[in-house]
Every structure is written in C-alpha cells, then in structure tokens.
Amino acid sequence: MHWADRTAQDLARRGDNHTIAAGITPSGEFHIGHIREILTGDMIVRACHDAGMDARLLFIIDSIDPLRKVYPFLHSDYEEYIGYPLYRIPPPDVEGRPDLEAEGNYASHFLNPFLDSLKELGVFPELSWNHEAYESGKFEDAARIFLNNRTEVADLLTEVSGRPIPEGWYPYTPIGHNGSMDGLTVTGWEDPYVLWVDAEGKEGRSHIGTAEGKLPWRLDWPAKWAIHGVTCEPFGKDHAASGGSYSTGRKLVQFLGTNPPHPVPYEWIQLKGQGAMSSSTNVFIGPSEALDLVPPEILRFLISLNKPKKHIEFDTGDLLFKLGEAYDSYVVGYIRNHLELKDGDSSRISNIKQDKNASIRFAQVEHGKMPDKINLRGSFRHLSMLAQIRSNDESVWESMRMYGMIDGEPSENLVLRLHRMRKWIASEHFPEGYRIAIQTSITDDAKQAILIRKDITMDTRIRDYYAALVETYETCKWEYQTLQDAICDYAREYGLDLSEAFKMLYLVHLGQDYGPKLATLLPEIPREHAISALRDAISILDEA
RNA sequence: GGGCCUGUAGCUUAGCCAGGUAGAGCGACGGACUUUUAAUCCGUUGGCCGGGGGUUCAAAUCCCCUCAGGCCCGCCA
C-alpha cells in the first residue's frame with residue numbers, strides 16, 4: 001500500500017475528520033525541500049478524501065518567528081532587524097537591502113512566489129499566518145497554562161531533551177520596546193502580563209493575548225496543535241530525533257488537554273554533491289526553477305514515488321530526466337491495464353501494482369483525475385531529442401505524427417512539455433549525456449574507433465564512402481530526402497552494411513556511434529560543419 | 001550518547017510495515033529486422049537479498065547482535 005494511503009488508514013483509526021498541518025518559517029527563499037513538506041501533507045489529505053474521510057491541509061506560516069541572523073543573501077543593513085518578527089520586517093530589494101517602499105513584508109515576500117508554485121502543483125492549502133493567531137489571542141490560553149506550570153514544563157523539557165533549563169526561566173519570549181525579541185530577560189508573570197527587562201535595564205510587560213511576544217518553538221508547536229486541532233503533521237527529521245521537538249511536544253500538548261498529531265517524519269532533500277538544501281547557504285533549487293524544467297506532475301511524482309523517510313538526492317539533470325522517463329513508463333503501464341489487479345497475483349505483485357497506481361494518482365495535478373493518454377513509450381527522452389534537432393515546434397509535431405505518436409494537433413500538455421524541454425536544454429541543467437553535440441572536427445575517440453575499424457577490415461571502403469558523401473554534400477539540396485538517399489545509396493554502392501555506415505557517420509558527426517536519424521539532424525546544422533568533419537576523417541584514414 | 005535511513009544481479013534499484021518459489025530497468029551476450037528517431041521485437045546471462053544468531057512448517061521480509069555508509073539531535077523542512 002502506498003505510504004499516503006497507509007497514513008490515511010492509520011488516521012482512520014483516530015476519527016474521520018482530519019487536519020493535516022504543515023508549518024514553515026519564511027526566513028528566506030523557499031526550495032523544493034519545503035515542497036516535500038507541503039506535498040507530503042497534500043497527498044495525505046487526498047488519500048483521506050479517497051478513503052471517504054474529511055480532511056483539510058493547513059499551512060501555518062511562522063510569520064512571527066524572529067529573524068535569526070543576516071543571511072548571505074541579505075545586505076548588512078538587516079543587522080538592525082535581528083530578533084524582529086518576520087512579518088514586521090521590510091522585504092529585501094534585488095540587492096538584498098531592506099526595501100522600505102515595497103508593499104508587504106519580509107515573510108510575504110518569500111511566501112508569495114511559493115504559493116504560486118503550489119498553485120501550479122495543484123496544492124491549495126488553507127493559510128494560517130501565525131502572527132495573526134497571536135494577535136487575535138488564540139495562543140492566550142496555551143500561554144497561560146504553560147506559564148502557570150512553568151516548573152513542570154521546565155522539568156519536562158530537561159527530562160526529555162536532556163538540556164538543562166536555567167533557573168528563573170519563563171516559557172515565553174516577549175518583544176521589547178525596540179521591536180526585537182533579543183536581549184530581554186523575563187522577570188515575572190502576572191496574568192495576563194509577562195514582565196521583563198531589556199538589555200538597557202528598561203522594564204516592560206507583554207500581554208499574552210496579543211502579539212507582544214510568542215511562545216518558544218518547543219511550546220509554540222504543541223500550542224498550534226491544540227489551537228488548530230491538528231491530527232497529523234509531516235515534519236523534517238531534525239524534529240524527529242529523540243529528544244527533539246516532537247518528543248517534547250507530544251508530552252507538552254497534554255497540558256493543553258489534547259493529543260499529539262500523528263507524526264510523519266520525512267528525510268531531507270539533498271542537492272547532489274552539495275549536501276542538504278538550505279536557503280541560508282544558497283544550496284537549493286527553488287520550486288519555480290524546477291517547474292521551469294519539468295511539468296508539475298513530475299515534481300509531484302518525485303514526492304509520491306519516494307516514501308517520506310527516504311533520502312532524495314536531487315539534481316536538475318539526470319535525476320529529473322530519469323524521473324520523467326519513469327513517470328511515463330508507469331503511466332503507459334496504467335493505460336495498458338498492466339496495473340490492474342488480477343486473481344492470480346501474489347501479494348507481492350499486487351502490492352507493487354497498487355503502489356505504482358497510487359504513485360501516479362498522487363502525482364496528478366488535478367485530484368481524482370488519472371492520465372487518459374500518453375505518447376508511446378520513451379516519450380520523455382524522445383521529446384528531448386526532437387527538441388534538440390528540430391528548431392520549430394511544428395516540425396516536432398510533424399515528426400511525431402509521422403510515427404503515429406500523436407493524432408492531429410498536440411495536446412496543450414504536450415506543448416507545455418516541449419516548451420519546458422526547450423528551456424531545459426538551453427540551460428546549464430540539462431544532462432550532458434543526453435545532449436547532442438555536433439562535431440565540426442573529429443574527436444579523439446572517434447578517430448580511434450575509425451582507425452580500429454580500418455585495421456580490422458584492411459580496406460578503403462569507408463574512406464571512399466566518406467569521400468563520395470563530401471562530394472555530394474558540397475552541392476546537393478540540404479534537406480532530408482536527398483541526404484537520406486545519398487547516405488543509403490552510397491552505402492550500397494560501397495558494399496557497406498547500412499548499420500555500419502550509419503555508425504561510421506555518427507562517429508564523425510557526433511563523436512559516438514549512435515544518434516538520432518542522421519538525415520533529420522544534418523539539415524539543422526550548417527553544411528560546412530558536416531563537410532569539415534568528414535574531410536577530417538578522410539585525412540586521418542589517408543595518413544594511416 | 002540518543003534517533004533515523006541505507007546496504008538485494010556489473011550499475012540503478014522494487015519487494016520489507018500485513019512472512020509463502022527474489023522482480024524490473026540499464027549493461028553484457030545471442031538472434032530477428034534494415035532508407036535505424038539514443039531503435040524495436042525475441043531470447044540468454046547474471047543474486048549464499050552486508051554478516052551472524054533467533055522465532056516459524058516457511059524469513060530479503062519479524063526479533064536480537066554485528067559490520068559498513070549517510071543524515072539528524074544548537075528553531076534551517
């Protein structure tokens with residue numbers, strides 16, 4: 001059974017109405033690690049719906065969290081905002097300076113593009129700005145309970161996390177006169193006020209039913225569970241470690257009279273060769289960046305295919321390419337009914353079929369809709385090749401029609417796919433192994449291969465074949481049929497096996513012994529390039 | 001110190017949670033096809049499922065131990 005369906009099944013034992021929460025601090029650029037959090041939640045919600053339960057996805061934006069430090073992408077002017085709640089900080093401009101004129105705030109600045117990507121991915125969560133929850137007094141009861149039981153809370157934190165809590169600690173982080181949470185010392189608790197003194201010795205007080213302060217993270221989290229009635233929450237493995245915030249949270253929430261949510265810990269997404277994704281170290285790929293290269297269902301597929309606790313080594317080259325191919329092959333299996341359950345299937349086989357089915361189901365942008373058709377197998381790779389050798393879209397469709405891959409006009413989806421593919425190919429992200437590199441002079445590898453062939457056969461047929469083609473290339477019509485005829489006719493004339501002839505030509509033009517249909521490729525490149533590469537090959541054979 | 005993940009064919013891996021003859025892709029090899037879209041089709045090859053012990057009629061799967069690699073426990077998902 002698919003992980004999302006299993007989670008839904010687990011949730012069904014608790015009840016039939018669920019709130020699946022995802023919480024993210026908008027302290028910088030969002031990346032596809034954050035996508036995992038939201039998509040994991042989204043898929044669980046969908047699984048609940050499919051199982052006949054009520055469920056909602058709640059996206060809690062930790063907008064009242066303080067700015068921790070001046071991140072590398074920020075100008076040092078942000079120094080003065082350290083400790084400020086993110087929603088009270090101006091957004092950065094293009095140079096990373098605080099932009100006092102701009103609309104919105106630091107938190108919304110980073111959140112908005114992320115929401116656009118979510119829309120494209122078919123995810124529509126309910127939004128809850130955490131600072132608004134504080135402003136409207138939703139945290140008041142929880143804060144009061146924790147403050148009234150501060151010694152028990154401190155003991156529990158020490159016991160579970162192993163970290164000592166200093167004497168005189170209060171479970172509350174007030175905001176000072178200057179607007180920052182840093183440098184304050186809480187001195188007392190007089191319901192509904194937390195009393196404090198700042199670094200300069202000035203006293204003040206914060207009303208816990210307002211946004212004049214917040215609960216520290218380890219208490220803020222369980223309070224959110226109670227306030228929103230959270231029954232399930234995916235969270236990163238950092239919170240899942242023993243002694244981590246989930247293990248303290250699940251105990252602390254009992255003070256508030258509710259149960260902890262069903263945990264769904266997930267592994268982080270690594271950027272291949274560069275470690276964990278993190279916007280603060282600039283090691284990340286943004287969701288919109290990824291969506292520029294591949295369709296949303298492929299990105300969803302990445303998450304649905306991998307169980308939450310599985311590492312994902314992400315990269316924008318090979319991995320995405322393989323993912324695209326895998327997606328297509330799953331869909332082909334689905335459409336051809338290979339994934340239908342049969343009576344004779346062993347439990348192992350039926351499990352695999354179910355999982356594949358579900359991986360496709362959760363990958364769809366539109367919930368409840370399954371793909372109804374797709375081009376023939378290998379279409380992802382195929383498209384990448386067509387996009388490289390056919391510079392205008394219409395000739396791509398023409399080629400696909402000719403081979404029966406589409407009827408009439410391409411679907412909107414396919415058009416989008418092609419355009420993304422073109423962007424990808426034009427970018428540095430496209431995997432080199434799939435790039436068609438047209439040679440104007442012969443490569444060393446090709447040289448070796450050609451000489452070896454000569455040594456084995458001891459004849460000049462290849463040389464003569466090349467020479468005949470050069471002659472033709474110089475004057476012939478530079479188009480498909482002429483070239484195709486020339487290549488094949490001369491091959492026959494010089495007694496060459498057709499596949500051998502093609503191999504020898506691929507070596508010359510591409511530096512490898514395979515490739516796309518040559519007569520289609522050649523008209524896309526300047527005639528002189530083809531000729532110079534062939535001349536190169538001839539002179540090598542003459543010298544040998 | 002604690003927690004989590006990974007270890008299955010030359011390579012990438014599915015299967016493990018609900019135990020029932022080890023599955024796929026790529027590669028390699030052989031064959032068919034030939035004006036070849038990184039082809040296609042058919043076939044072959046290849047695994048003491050990291051190691052050891054236990055539970056069971058039956059273990060890749062459950063339990064214990066062990067080895068190797070990766071990650072997390074300072075509010076970075």
Side-chain angles (χ1 to χ4, degrees), chain A residues 1 3 6 9-10 22-25 27-28 30-38 40 62 65-66 68-69 71 161-163 173 216-218 220-221 234-247 265-270 275-281 283-284 305 307-311 313 318-319 322 325-326 329 333 346-352 355-356 376-378 381-386 388-390 396 399-400 402-403 405 433-436 480-481 483-489 491-492 497-499 501-503 505-506 510 512-521:
Chain A
M1 191 183 280
W3 60 263
R6 181 174 310 283
Q9 198 180 56
D10 290 342
I24 300 177
T25 306
S27 57
F30 283 69
H31 51 69
I32 58 167
H34 297 112
I35 284 280
R36 186 171 213 180
E37 165 123 3
I38 300 282
T40 301
D62 288 321
D65 285 15
R68 286 271 145 220
K69 60 176 179 185
Y71 298 108
S161 76
R163 270 191 305 173
T173 309
W217 160 246
R218 283 184 184 252
D220 179 78
W221 200 18
F235 48 84
K237 54 129 156 252
D238 50 332
H239 298 310
S242 81
S245 48
Y246 182 75
S247 57
Y266 61 86
E267 271 287 341
W268 289 6
I269 296 181
Q270 317 272 322
M277 283 214 193
S278 162
S279 39
S280 63
T281 53
V283 175
F284 71 97
L305 183 66
K307 279 174 278 205
K309 284 214 252 189
K310 182 154 177 151
H311 286 273
E313 271 296 290
D318 255 7
L319 173 99
K322 284 186 175 145
E325 290 197 296
S329 81
S346 66
S347 68
R348 186 181 304 149
I349 297 293
S350 70
N351 274 343
I352 292 171
D355 274 8
K356 284 191 170 183
L376 294 175
R377 109 197 69 67
R381 169 185 288 225
H382 190 101
L383 194 65
S384 84
M385 193 182 52
L386 285 179
Q388 288 182 80
I389 62 173
R390 302 246 165 164
V396 170
S399 166
M400 292 184 80
M402 191 159 76
Y403 287 92
M405 291 177 170
Y434 299 102
R435 213 182 267 288
I436 295 171
Y480 171 78
Q481 199 56 54
L483 291 165
Q484 182 74 302
D485 289 345
I487 290 167
C488 296
D489 290 348
R492 261 195 295 275
D497 208 40
L498 208 50
S499 74
F502 274 106
K503 274 186 184 170
L505 289 175
Y506 283 125
L510 300 180
Q512 53 191 25
D513 64 4
Y514 54 87
K517 203 165 191 170
L518 248 190
T520 321
L521 176 65

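Values below: every heavy atom of this structure, side chains too, minus hydrogens, waters and symmetry copies. These numbers were taken from a predicted model, which means no experiment stands behind them. Naming convention: chains lettered A, B, ... in sequence-line order (proteins, then strands); numbering from 1 in each chain.
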Counting only Watson-Crick or G-U wobble pairs whose two distances fall under 3.5 Å, which nucleotide matches [N]?
N: B:rC4; value: B:rG70
N: B:rA59; value: none
N: B:rG46; value: none
N: B:rU40; value: B:rA32

Find the distance [X]:[atom1] to [N]:[atom2] and express it as a whole number of Å.
X: A:Leu305; N: B:rA24; atom1: CG; atom2: C1'; answer: 13 Å
X: A:Lys356; N: B:rG23; atom1: NZ; atom2: P; answer: 14 Å
X: A:Phe235; N: B:rC76; atom1: CZ; atom2: P; answer: 14 Å
X: A:Leu386; N: B:rA39; atom1: CG; atom2: C1'; answer: 13 Å
X: A:Leu521; N: B:rA38; atom1: CG; atom2: C1'; answer: 12 Å
X: A:Asp318; N: B:rC26; atom1: CG; atom2: C1'; answer: 12 Å
X: A:Ile24; N: B:rC75; atom1: CD1; atom2: P; answer: 18 Å
X: A:Ile352; N: B:rU8; atom1: CD1; atom2: C1'; answer: 13 Å

Using the [atom1] atoms only, state how far [M] lies from [N], rounded to an integer number of Å.
N: B:rC57; M: B:rU13; atom1: P; answer: 37 Å
N: B:rU21; M: B:rC26; atom1: C1'; answer: 26 Å
N: B:rG70; M: B:rG50; atom1: C1'; answer: 15 Å
N: B:rC64; M: B:rC72; atom1: C1'; answer: 25 Å
N: B:rA59; M: B:rC33; atom1: C1'; answer: 46 Å
N: B:rG54; M: B:rA18; atom1: P; answer: 24 Å
N: B:rA28; M: B:rC73; atom1: P; answer: 44 Å
N: B:rG52; M: B:rU8; atom1: P; answer: 15 Å

**Request:** Any chance you could measure A:Leu305, atom CG, to A:Lys356, atom NZ, to the nearest 0.5 Å?
**Result:** 10.0 Å

**Reported CG-to-OH distance for the pair A:Leu521 and A:Tyr480, which is rounded to 0.5 angstrom** = 12.5 Å

Pick base, sugar-phosphate or nothing for [X], based on heavy-atom distances below 4.0 Å to the nucleic acid.
X: A:His31; answer: base
X: A:Lys307; answer: sugar-phosphate
X: A:Ile436; answer: base
X: A:Ser245; answer: nothing
X: A:Leu518; answer: nothing
X: A:Ile389; answer: nothing

**Request:** Check A:Pro308 against A:Pro265 and note the closest heavy-atom contact, atom names and distance.
**Result:** CB-O, 3.8 Å

**Request:** Sugar-phosphate means primed atoms, P, OP1 and OP2; the rest is base. With that split, encode nucleotides 60-65 of chain B 5' to 3' as B, S or - using protein heavy atoms under 4.0 Å.
**Result:** B-----

**Pairwise 5' ranking along RNA chain B for A:Asp355 and A:Arg163, keeping only the more 5' one** =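 The residue closer to the strand's 5' end, by nearest nucleotide, is A:Asp355.
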
**Request:** Assign each of A:Asp238 and A:Arg36 to its nearest nucleotide of RNA chain B by heavy atoms, then name whichever residue's nucleotide is nearer the 5' end.
**Result:**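 Going by which nucleotide is closer to the 5' end, it is A:Asp238.
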
**Request:** Look at the rings of A:Trp217 and A:His239 and say which category their plane angle falls in: under 30° parallel, 30 to 60° tilted, over 60° perpendicular.
**Result:** tilted

**Prompt:** A:His31 vs A:Phe284 aromatic rings, parallel, tilted or perpendicular, using cut-offs 30° and 60°?
**Reply:** tilted

Could you check whether any side-chain heavy atom of [X] comes within less than 4.5 Å of a side-chain heavy atom of [Y], counting everything from C-beta outward?
X: A:Thr520; Y: A:Arg390; result: yes
X: A:Ser279; Y: A:Tyr71; result: no
X: A:Arg218; Y: A:Ser245; result: yes
X: A:Thr173; Y: A:Asp220; result: no
X: A:Leu319; Y: A:Glu313; result: no

Checking contacts here: which listed nucleotide ([options]) is nearest the side-chain heavy atoms of [X]?
X: A:Arg6; options: B:rA38, B:rA77, B:rC17; value: B:rC17
X: A:Tyr266; options: B:rA14, B:rC75, B:rA77; value: B:rA77
X: A:Asn351; options: B:rC16, B:rA77, B:rC71; value: B:rC16

**Complete:** Result for side chain to side chain donor-acceptor pair (under 3.5 Å) between A:Tyr266 and one of A:Lys309, A:Lys307, A:Glu37 points to A:Glu37

**side chain to side chain contact (heavy atoms under 4.5 Å, CB included), paired with A:Ile24, selected from A:Ile38, A:Asp65, A:Asp62** =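 Running side chain to side chain contact (heavy atoms under 4.5 Å, CB included) over A:Ile38, A:Asp65, A:Asp62 with A:Ile24 returns exactly one hit, A:Ile38.
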
Could you go through nucleotides 1-5 of chain B and list every protein N or O atom that sits under 3.5 Å from one of its N or O atoms, giving the distance for each pair?
from: B:rG2; atom 1: O2'; to: A:Ser242; atom 2: OG; distance (Å): 2.3
from: B:rG3; atom 1: O4'; to: A:Ser242; atom 2: OG; distance (Å): 3.4

**Short side-chain to backbone donor-acceptor contact, A:Gln484 and A:Lys517, under 3.5 Å** =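 Between the backbone of A:Lys517 and the side chain of A:Gln484 there is no qualifying donor-acceptor contact (under 3.5 Å).
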
Show each protein N/O and nucleotides 30-35 of chain B N/O combination with a separation under 3.5 Å, one pair to a line.
from: B:rU35; atom 1: N3; to: A:Asp485; atom 2: OD1; distance (Å): 3.1

**side-chain contact (heavy atoms from CB on, under 4.5 Å) between A:Ile35 and A:Ile269, worked out** = CA-CA 10 Å; A:Ile35 284 280; A:Ile269 296 181; over 6 Å; no

